[in-house]
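Just below is one structure, and these are the notes that go with it.
Indexing begins at 1, ligand by ligand and atom by atom, following the structure's order.
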Amino acid sequence: MTNNNNGNHFIIFGAPRIEEAEIDQLLATVRSGWLGTGPKVAQFERDFAAYKGGETHPVAVNSCTAALHVSMIAAGLKPGDEVVTSALTFCATVNAIVHAGLTPVLADVDPATMNIDPEDLERRITGKTRAILPVHFAGRACDMDQLRMIAQRHKLKILEDCAHAIETTYHGKPAGTFGDFGCFSFYVTKNIITGEGGMILARNEEDAARCKVLALHGMSKDAWKRFGDEGYKHYQVVECGFKYNMTDIQAAIGVEQLKRVEKYWARRQEIWKRYTEEFSGLPIGLPAPPEPGTRHAYHLYTIMIDRAECGVRRDDFLSAMTRQSIGVGVHYLSIPEHPYYREAFGWHPADYPNAMRIGRCTVSLPLSAKLEESEIERVIQSVKRCLNTSERSAVIAQRSIVL
Ligand SMILES: Cc1ncc(COP(=O)(O)O)c(C=O)c1O
């Protein structure tokens, strides 16, 4: 950990909170000699499904990207089918659609919630659309009533990208249980972590079984049992699958992290509230309050740095925060800003104006349950300091001359 000129250490963006229990579980697992997919993975699947209400079928995999990929195949989608997703998401959401041989279609987001705009989504539906892939951005539930109605009207599958949304609920129902599949991430910056890791929640058992086969080379469902003590079992390859299985090393961390998921959520809620109080008078955009009847997962705290409002360019603000030893993030440049997607699909940022504006102004502040009080204070003071730059004074002076 490096220190800046003031002797302050660098606050890593999205640093996970790891406790002794994870370390003990991890060591016990390593000592057991069963490092691959085994009893800890089975336990993590059971525990996660129970946390999400129990009426679901879990399959642990090695990332949310893998979860999205195999879910789309298990959903029976075929090459050429179109899947509509958000223009404001991580590249993995779109890449998974492409890897499944499907055609991604983007819809713009609502400027306040930053979630996919149901009206724009419906406008983008064509005769080839077979599924929608909403992303619960920052942990805020999408408008699932609207999305379900659209899916019913057009006979579409729903796959939910819940990478940010472990604790999210909408009208009392957990995120990831609305559609045919819900896909979760336990990547190091996520609300609970396994290092790398993901989980699929399938609505029905057959779909979960197919995901399990697809995630382990296409080998028949209980292939991992062949290493057990129940006698040798031949496995059969029943389709051409992938190497996406979670290991017991990952699950050992996950099992312990999951026990503290609510405690960490409460801590992030506290930090979120504190930021909102401290920043409410500043000339920056703040996240909208959570919608009534929903539970926000508080995965990201994103502020909007619009030069026209606060006199500071977003990228200058990012640099200034980093110079103050505060790790910041951008979630996200809109998908059409990236050259690959522009070239492959002919997308233009301006066709998704809300996602474009957010992508060009947004800054994510540290929101980990690991943050100490003194670190939260440093983030708050740094935001205030970085807004109070000479550049801002110059813009304000220029404005008053014009006036
Ligand atoms: C919205 C979203 N979808 C998908 C992913 C992919 O998750 P993973 O890294 O577990 O593959 C991420 C990860 O950052 C994400 O933020």
Side-chain angles (χ1 to χ4, degrees), residues 12-16 41 44 48 58-72 83-100 102 104 106-107 109 113-116 131-142 158-168 175-176 179 181-201 211 214-215 242-247 250-251 253-254 257-258 268 296-302 327-335 337-338 341 355 358-359 362 364 366-368:
I12 299 166
F13 179 84
V41 170
F44 188 42
F48 193 78
V59 180
V61 287
N62 60 12
S63 70
C64 181
T65 311
L68 290 164
H69 184 187
V70 297
S71 295
M72 277 184 275
V83 179
V84 189
T85 193
S86 171
L88 189 74
T89 185
F90 187 53
C91 57
T93 317
V94 180
N95 291 351
I97 299 173
V98 178
H99 287 316
L102 309 169
L106 300 182
V109 295
T113 66
M114 306 188 181
N115 275 329
I116 198 161
I132 58 176
L133 177 32
V135 180
H136 301 288
F137 183 85
R140 182 187 302 274
C142 291
I158 301 179
L159 297 96
E160 297 171 68
D161 183 332
C162 301
H164 303 175
I166 293 171
E167 308 88 341
T168 303
F181 297 90
C183 300
F184 294 82
S185 175
F186 309 116
Y187 176 63
V188 286
T189 58
K190 296 299 189 280
N191 294 353
I192 62 163
I193 65 112
T194 59
E196 295 281 2
M199 186 76 75
I200 302 165
L201 295 183
C211 288
L214 282 165
F242 307 91
K243 186 69 170 70
Y244 283 165
N245 53 307
M246 181 181 274
T247 66
Q250 293 164 313
I253 304 173
Q257 285 262 306
L258 188 59
R268 291 194 311 278
H296 199 299
Y298 303 117
H299 175 59
L300 297 173
Y301 191 92
T302 62
V328 280
V330 170
H331 300 88
Y332 300 95
L333 279 184
S334 75
I335 291 289
E337 299 272 14
H338 298 285
Y341 304 111
I358 294 166
T362 190
S364 302
L367 186 65
S368 161

Using 30° and 60° as the class boundaries, would you call the ring planes of Tyr341 and His338 parallel, tilted or perpendicular?
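Ring orientation of Tyr341 relative to His338: perpendicular.
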One pair per line, please: each N/O atom of ligand 1 matched with every protein N/O atom under 3.5 Å away, atom names first, then the distance to 0.1 Å.
from	atom 1	to	atom 2	distance (Å)
ligand 1	3 (N)	Asp161	OD1	3.2
ligand 1	3 (N)	Asp161	OD2	2.7
ligand 1	10 (O)	Cys64	N	2.9
ligand 1	10 (O)	Ser185	OG	2.7
ligand 1	11 (O)	Cys64	N	3.3
ligand 1	11 (O)	Thr65	N	2.9
ligand 1	11 (O)	Thr65	OG1	2.5
ligand 1	14 (O)	Lys190	NZ	2.6
ligand 1	16 (O)	His164	NE2	2.9
ligand 1	16 (O)	Tyr332	OH	2.8

Does Thr89 offer a backbone N or O that forms a donor-acceptor pair with the side chain of Asp161 under 3.5 Å?
no
May I ask you to decide if Ile253's main-chain N or O and Thr194's side chain share a donor-acceptor pair within less than 3.5 Å?
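Here the side-chain-to-backbone pair does not exist.
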Ring centres under 6.0 Å, that's the criterion: do Phe186 and Phe44 meet it?
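Here the rings of Phe44 and Phe186 have centres that are less than 6.0 Å from each other.
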Residue pairs involving residues 85-96 (criterion salt bridge (Lys or Arg N to Asp or Glu O under 4.0 Å); sequence neighbours excluded)
none
Can you name the nearest heavy-atom pair linking His69 to His99, along with the distance?
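Smallest heavy-atom distance, with atoms named: NE2-O, 3.5 Å.
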